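One-based numbering, in listed order, for ligands and for the atoms of each. Just so you know, these numbers come straight off a predicted model, no measurement behind them.
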Amino acid sequence: MKMHGNGHLHHIEDINYNENPFIVIWEVTRACQLKCVHCRADAQPVPDPRELTHEEGLKLIDDIYEMNNPMLVFTGGDCMMREDLFELADYAIKKGMRVSITPSATPNVTKEKMEKAKQVGLSRWAFSLDGPTPEIHDRFRRTPGSFELTIEKIKYLNELNMPLQINTVISRYNYDHLEEMAKLVADLKAVMWYIFLLVPTGRGQMNDCITPAEHEKVFLWLYELSKTAPYDIKTTAAQHYRRVVLQQKMREHKIKNGEIRYEDTITSDTASMIDGLKRAPKGVNDGNGFVFVSHIGDVMPSGLLPIVCGNVRETPLSKIYRESKVFKDLRQPDKYKGKCGVCEFRYVCGGSRARAYAVTGDYMESEPFCAYIPLAMRKKEKAPLS
Ligand code: SF4
């Protein structure tokens with residue numbers, strides 16, 4: 001059996017997620033003028049007086065940097081509602097950190113602000129577009145005019161030659177329009193299309209989620225798209241996309257199930273070999289390579305898995321990330337319940353812990369929106385009755 005034998009399987013995969021995250025998301029404010037249907041933050045029109053202060057923000061950035069300099073993303077609310085945003089970004093970037101922002105497309109985002117961001121060196125700008133037309137996008141965002149406003153902001157970004165990332169939540173609202181959406185992302189010259197699969201939390205509702213079979217279809221479609229699209233594709237709350245990619249690659253390389261010596265489990269090394277890609281570091285999941293800090297300093301495994309495990313005002317982020325029980329549990333796929341716990345893909349996939357929590361109330365439960373039946377369960381079904 002031939003596989004990529006380049007011997008360089010240990011780039012960013014070497015980050016030990018028990019010690020340090022790959023990415024830190026900091027909700028710099030919860031203030032936002034929009035009222036999107038799926039909003040995780042239940043955003044408020046004005047900043048909360050308990051928000052982390054400028055000094056606390058600087059201290060947080062120092063702590064984050066000390067955790068082996070992970071990627072830092074400013075999110076909201078609308079980050080533009082935070083007055084010291086560019087000072088915070090400047091401070092982090094001068095330390096050598098990679099910082100990006102995800103502002104809401106409100107009149108707050110001006111061309112001047114974008115120019116300022118460029119000067120400071122913000123590495124990437126992400127805008128949300130959840131449909132290829134004003135009708136679909138605005139309905140999902142519950143904000144008439146949001147589509148036009150977003151397109152206008154993106155044009156500024158293009159004029160300033162700044163790299164654009166488009167974030168899209170896949171749900172009932174846009175499931176039938178993904179082809180048009182993919183084309184729009186290309187037309188807008190995005191360098192990255194970041195796909196979120198709806199997690200039914202906050203304003204995100206169960207009925208708006210697509211079915212497990214539809215998830216499967218989306219993943220297969222995305223994988224084919226990724227071969228030709230002029231932008232990179234990444235997913236979040238869609239850990240099982242990694243499983244689909246690996247399965248497809250195994251098919252393409254004519255590697256049959258059982259032919260790889262993965263001792264019933266696909267590790268990140270096996271995955272890298274099959275994958276041939278180093279871009280996706282070993283299966284980031286909520287609390288496992290990923291950590292979220294709220295506007296008031298609460299630390300959670302992710303914004304979509306809102307269990308508060310500590311507060312940076314009292315405990316350093318690194319201590320919460322490394323030592324809190326919830327975080328430690330989340331990093332043990334062998335302890336996941338149901339099919340995720342026995343699935344051979346549990347180390348590289350593990351299902352969305354956020355969706356498991358949102359649907360069942362237990363963050364260790366199985367991913368409720370995965371159609372795959374693990375090998376171990378199939379073997380069990382076939383075993384003769386004794
Ligand atoms: S059963 Fe769980 S671990 Fe296995 S592919 Fe599905 S979501 Fe991933």
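When ring centroids are compared, F219 and H240 come within the 6.0 Å threshold. Checked against the 6.0 Å centroid criterion, the rings of Y372 and F345 qualify as a close aromatic pair.
Protein heavy atom nearest atom 3 (S) of ligand 1, with residue, atom name and distance: G350 N, 3.4 Å.
With waters neither drawn nor counted, the protein N/O/S atoms under 2.8 Å from atom 6 (Fe) of ligand 1 amount to 1.
Screening K335, K337, R355 for a salt bridge (charged side-chain N to carboxylate O under 4.0 Å, His left out) with D362, the sole residue that qualifies is K337. For the side chain to side chain contact (heavy atoms under 4.5 Å, CB included) with L129, the qualifying choice from N167, V169, L188, V185 is L188, the only one to do so.
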Exercise. Output, in order, the C-alpha distance, side-chain angles, deciding distance and verdict of salt bridge (charged side-chain N to carboxylate O under 4.0 Å, His left out) for K111 and E159.
Key: CA-CA 10 Å; K111 202 168 175 184; E159 279 165 30; 2.6 Å; yes

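Judged by distance alone, the side chains of Q248 and R251 do bring a donor and an acceptor atom under 3.5 Å apart.
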